[in-house]
2 protein chains.
Amino acid sequence: MLTSMSTSLHHRAVEHLGTRIVGGALPTGHVMLAEHLEDELNVSRSVVREAVRVLQSLGLVETIKRVGIRVLPAHRWNPFDPLVIRWRLAGEGRGAQLRSLAELRSAVEPVAAELAAGNAPESLRQELVGISLAMKEAGDAGDMARFLDLDIRFHALVLSGSGNEMFANLIGQVTETLTGRTVHGLMPEHPQKQALQWHMDVAHAIDARDGSLARDAAAKIMRQTIAELAPSWDDQPRVFVPVARN
Amino acid sequence: MLTSMSTSLHHRAVEHLGTRIVGGALPTGHVMLAEHLEDELNVSRSVVREAVRVLQSLGLVETIKRVGIRVLPAHRWNPFDPLVIRWRLAGEGRGAQLRSLAELRSAVEPVAAELAAGNAPESLRQELVGISLAMKEAGDAGDMARFLDLDIRFHALVLSGSGNEMFANLIGQVTETLTGRTVHGLMPEHPQKQALQWHMDVAHAIDARDGSLARDAAAKIMRQTIAELAPSWDDQPRVFVPVARN
DNA sequence: GAGTTTTGATGTCAGCACACATCGGTGTCA
DNA sequence: TGACACCGATGTGTGCTGACATCAAAACTC
């Protein structure tokens, strides 16, 4: 059979099905047969079954005896799973996913900054101050590549410094949005002076253990970020998940 | 061995391993052999392997050839996965998990209220106003069971009304914290008058499409909630995840 | 139309071949 | 004699397959 694969068959199967479901090629309600997937992917039952089990745990499919493997509606997918996020960013849902992430950031980062002011270890506070200064240097010099690196590390440190593992877990997704923003040219050629100052404000407020100051400065960064990005997803429809009647 | 299982062997295997890892019975770095798990659970290889694949996708374990199945450190676990959250709530990590969820709520709900004011469909706005009034009735009457139901639905509607699928996905976890709070007697016997008023403020602000008013009122609710709950997790140590150097 | 049987898919089991990281022995060279 | 590189044995995850169990949808009977 096919040889010379660098990734495992399991990984390939999960990826294949995940991208096609999240990407919309396999619509909600679509039913597949395990046996059919075997020859479609040229793999054995074990590989298909293990992949389906993983997708099941992500809420992408359900298995029904005597019926097959059914694709679940999008509102059943776990929107926080890194795989699901990556698949959405790679497909049609990119715009909506970026908006969701940006709104989540705008909610979380101010609170993370406030918590970091109360809890972060000393070394992290100092690194944060150093990075905010380096960001200003890079920004004034117009060195956008270096600025992006510093920006990513800055926000990662704030999330990590909150001491909340759920916030810290968002580092990857935030990194994704920051790089995505510059790659897609949604970034001003020079960072706004205000934004540079706000980053320094956040760092110094955290260093000074002033929670509300840190929160307010972070909120300003988020408001500006949202304002910059909002036009690019104005056309994305919003989906309202029905609330289960108890 | 045990018979009369209503759940599948796969489900049982995932549950068995998940609870023991998250609960701390299987420490970080502990290595298991697939074969050993087979006779520990009295199941076949396929069941063990499919369960391990699911746990792998949750970040709980990694498989290494020639070594076995190794338990990963807690900071590798997906803290947003419903299974992981449930296992943490059921075990040692309960306090830390409740704090994480409360902090996440305090970050998300004000922004969700703000977004709901801008986006929620008409019917949802009206139901929200109705529920806030019913909450006041139930609160004044001291009917705490009814109040809890209404409270849960209120916050679920706000999250749903935001039109952000990540926010809406937190409904389950928020419900968990609300019920947990009353079950564990951390709830005042009568709801605070202020809190009742703030809920009505949120509902009316959303109905009136006043985003900042809705956000501020929701933030007040969250501040009070955090203040009520904070004493119960004062002793929980915070964990700071190291930020990967790019 | 209610109850029963048939059917066809997933669920589970057990055995095999293969890939490959680790360990220990062997051989070479200084 | 000692240090180091090489190499094969070993064990364990990965993948494949045939067989049987289970159970719910669908067809059938009355």
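Every chain is numbered from 1 and lettered A, B, ... according to where its sequence line falls, protein lines coming before strand lines. Computed over heavy atoms, backbone and side chain alike; hydrogens, waters and symmetry mates excluded.
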Could you go through the salt bridge (Lys or Arg N to Asp or Glu O under 4.0 Å) check for A:Glu15 and A:Arg20 one step at a time?
CA-CA 8 Å; A:Glu15 208 67 24; A:Arg20 304 196 71 175; over 6 Å; no
Determine, for nucleotides 2-11 of chain C in 5'-to-3' order, which nucleotides have protein heavy atoms under 4.0 Å from the base (write B), from only the sugar-phosphate (write S), or from neither (write -).
-----BBSBB
For B:His199, check ring-ring contact (aromatic ring centres under 6.0 Å, His included) against everything at least two apart and list the hits.
B:Phe154, B:His155
Rounded to whole Å, please give me the gap between [atom1] in [X] and [atom2] in [N].
X       : N      : atom1 : atom2 : answer
A:Asn42 : D:dT17 : CG    : P     : 10 Å
B:Glu62 : D:dT12 : CD    : P     : 17 Å
B:Arg70 : D:dG13 : CZ    : P     : 12 Å

B:Asn169 and A:Phe80: CA distance, side-chain angles, deciding distance, side-chain contact (heavy atoms from CB on, under 4.5 Å) verdict:
CA-CA 9 Å; B:Asn169 189 257; A:Phe80 286 98; 3.9 Å; yes
Under the salt bridge (Lys or Arg N to Asp or Glu O under 4.0 Å) criterion, do A:Arg45 and A:Glu50 qualify, and how do the steps go?
CA-CA 8 Å; A:Arg45 259 176 306 156; A:Glu50 287 163 27; over 6 Å; no
Go through A:Glu103 and A:Arg238 one step at a time and tell me if the salt bridge (Lys or Arg N to Asp or Glu O under 4.0 Å) criterion holds.
CA-CA 13 Å; A:Glu103 288 171 355; A:Arg238 294 214 178 239; 2.6 Å; yes
Look at B:Ser44 and C:dT12 and indicate whether a side-chain polar atom (N or O) is within less than 4.0 Å of OP1 or OP2.
no
State which residue, out of A:Arg76, A:Arg88, A:Arg99, fulfils the salt bridge (charged side-chain N to carboxylate O under 4.0 Å, His left out) condition with B:Glu165.
A:Arg88
